[in-house]
Amino acid sequence: MLPSRAAILSYLTILSGSAGRLVISLVYFLIVANTLTLGEFGLFATASSTGLILSRLLAFGFVSPLYRVATVKPRLLGAYLAGFAVLSLVSLPLIAIVAGAAYELLFADRLAAWPFALIIVAEVVCWRPVEVVAIVNNGLRRFRQAALLVIIGSSLRTGAALLFLALGDRSLGTWAAAYLAATCISLAVALVAFLPPARWRFVRALYPRRMADAVFAGAADIVFYVQSELDKLLVLGLAGERTAGLYAIALRVIDLTAMPVRSFNQMLVQKIMQDRGIGGGKRLAAYEAGIALVSIAGLVAVIVALKPFPGLLGHNVSAAAYLFAPMLLVPAFRNLVEYHAELLYARERTGSRIVLLCLLTALKAGLISLVMTRFVADEGWASWMNLVFGLVYLASAGFTYRLLALRATPALRTGP
């Protein structure tokens, strides 16, 4: 079945927001990556990744019920927004404890405590609520507002990067302060101009029913981001700040090419949640092939652009450019694993999603540790990342499609 005109327009709206964010984020990334030293950028990227993981603890995962209610029962939005706000405050002490432990484990000998704290606050307290406002708008099918909010947030970060570039003090501490200021302004804009109108009320009866779903979805989200960001943390711990900086730059370029895929994932999840169906095997195979091709094409475009102009993206990005071609298949594998996780989320297989992501996290940790301890000295580790992410993808695909097939079998036998 061909997609409807409304679905195409919705996707194009989301994609236009992603394209705008891509351009703005690219400018922001290039300024920061080329202004900080490689070691400092590696520390910033890993601290930001830590904050990204910790931000999923905010409100104990209540974002999932909030998104579902915005998608299917928007009249209850006010009650769920109030619950998210209260649970966010309650979760902050736990986040602070985990952040302190992460600092002592990974950053204590490499980075002062206060820039680390500024980055964590920016990601958890400021940027995560901005994302939540965008998520709610997407659930309400207000795609234009969600896209505009994300573009504004990215623009503010780019403005902070330009200000940072203009300053004489280009230390990581100065950038952390500018980063926090930009995300604080983004939060104010989100709450004042983009939060959908709703009558907030704290309905205590909701939480016994919804907290199990919230905690499971939050745990799955945390494990997903641990699985996704773990490689940066491992590279920092095993290979040091400079290699972590090079790897973070390569992964950031790869991540920028994934935005069209994430727009598609978002539309697909909404469609599955509303229709309670997932489509046949041929359709899923076509989705996988399309995601792989788009992902690889994005990185190929970057490589082709850098061939005649190796300094096009700045000196630090140029220093990492030799990693792009050896890691050519990594974008496809990373994006397909993310796609599998979205399929399980859309079918409400939260427990299975957690099991899968835990398995993938353990597999990735073992493989990356092996690669970084065996091949980091001769810089041969980059090409081995294709095998690492390829094996992770195969494990993810085998688990996901077997699970979805088992769930579909009874329906095929019993009929409508």
Side-chain angles (χ1 to χ4, degrees), residues 11 14-15 18 22 52 220-221 223-232 247 250-272 278-303 323-347 349-350 352-368 371 382-408:
Y11 176 73
I14 299 171
L15 188 60
S18 294
L22 174 63
L52 181 65
D221 216 19
V223 177
F224 171 78
Y225 279 97
V226 168
Q227 181 273 139
S228 180
E229 303 295 323
L230 178 69
D231 42 356
K232 297 176 188 174
Y247 184 75
L251 262 288
R252 183 59 175 157
V253 171
I254 287 171
D255 203 45
L256 288 171
T257 67
M259 288 188 181
V261 174
R262 288 177 182 151
S263 299
F264 169 77
N265 286 347
Q266 182 179 314
M267 290 294 298
L268 182 64
V269 166
Q270 282 201 348
K271 182 70 173 172
I272 293 171
I278 201 167
K282 289 184 179 179
R283 180 178 296 181
L284 293 174
Y287 290 161
E288 289 232 352
I291 289 170
L293 287 173
V294 169
S295 303
I296 294 172
L299 188 55
V300 168
V302 174
I303 294 169
L323 300 174
F324 298 161
M327 296 173 66
L328 187 61
L329 300 180
V330 170
F333 294 140
R334 286 183 88 240
N335 293 336
L336 285 168
V337 169
E338 185 171 331
Y339 164 73
H340 296 156
E342 293 295 330
L343 287 181
L344 293 177
Y345 171 74
R347 298 302 291 137
R349 300 306 299 258
T350 307
S352 299
R353 189 173 182 235
I354 293 173
V355 171
L356 169 63
L357 292 171
C358 285
L359 291 173
L360 297 184
T361 301
L363 177 61
K364 182 191 278 189
L367 292 172
I368 289 181
V371 167
S383 58
W384 285 95
M385 288 296 173
N386 293 300
L387 179 61
V388 169
F389 284 92
L391 291 173
V392 171
Y393 159 74
L394 289 175
S396 177
F399 185 99
T400 299
Y401 290 121
R402 180 173 176 78
L403 188 66
L404 294 176
L406 287 174
R407 176 154 183 163

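- Of all heavy-atom pairs spanning S396 and L356, the tightest one is CA-CD1, 3.8 Å.
- Under the rule for a salt bridge (Lys or Arg N to Asp or Glu O under 4.0 Å), K364 has no partner lying at least two apart in sequence or in another chain.
- Contact annotation: the side chain of M385 never approaches that of L323 to less than 4.5 Å [non-hydrogen atoms, C-beta and beyond].
- For E342, there are no salt bridge (Lys or Arg N to Asp or Glu O under 4.0 Å) partners, not counting sequence neighbours.
- Looking at residues two or more places apart in sequence or on another chain, you find a salt bridge (Lys or Arg N to Asp or Glu O under 4.0 Å) between E338 and R262.
- Considering every non-hydrogen atom in both A220 and R353, the closest pair reads CB-NH1, 3.6 Å.
- A286 pairs by the side chain to side chain contact (heavy atoms under 4.5 Å, CB included) definition with nothing, not counting sequence neighbours.
- To the nearest 0.5 Å, the span separating CD1 on I354 from CG on D221 amounts to 10.0 Å.
- Considering only residues two or more places apart in sequence or on other chains, L230 meets the side chain to side chain contact (heavy atoms under 4.5 Å, CB included) condition with L234, T361, A365.
- Take D231 and apply the salt bridge (Lys or Arg N to Asp or Glu O under 4.0 Å) test, not counting sequence neighbours, and it matches no residue.
- For L367, the side chain to side chain contact (heavy atoms under 4.5 Å, CB included) partners two or more places apart in sequence, or in a different chain, are L363, V388, L391.
- Under the 30°/60° scheme for interplanar angles, the aromatic rings of Y401 and H340 are found to stand perpendicular.
- Each side chain to side chain donor-acceptor pair (under 3.5 Å) pair with one or both residues in residues 327-337, not counting sequence neighbours, appears once here: S295-N335.
- Contact annotation: the side chain of L403 never approaches that of R347 to less than 4.5 Å [non-hydrogen atoms, C-beta and beyond].
- Applying the side-chain hydrogen bond (donor to acceptor under 3.5 Å, both in side chains) criterion to Y339, with sequence neighbours excluded, gives no partner residue.
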Output a table of donor-acceptor pairs, distance under 3.5 Å, between side-chain atoms of residues 326-333 and any protein atom two or more places apart or on a different chain; print 'none' if there are none.
none

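- Nearest heavy atom pair, residue A395 against residue L360, reads CB-CD2, 3.8 Å.
- Proximity of V355 to F399: side-chain heavy atoms (C-beta onward) are separated by under 4.5 Å at one or more points.
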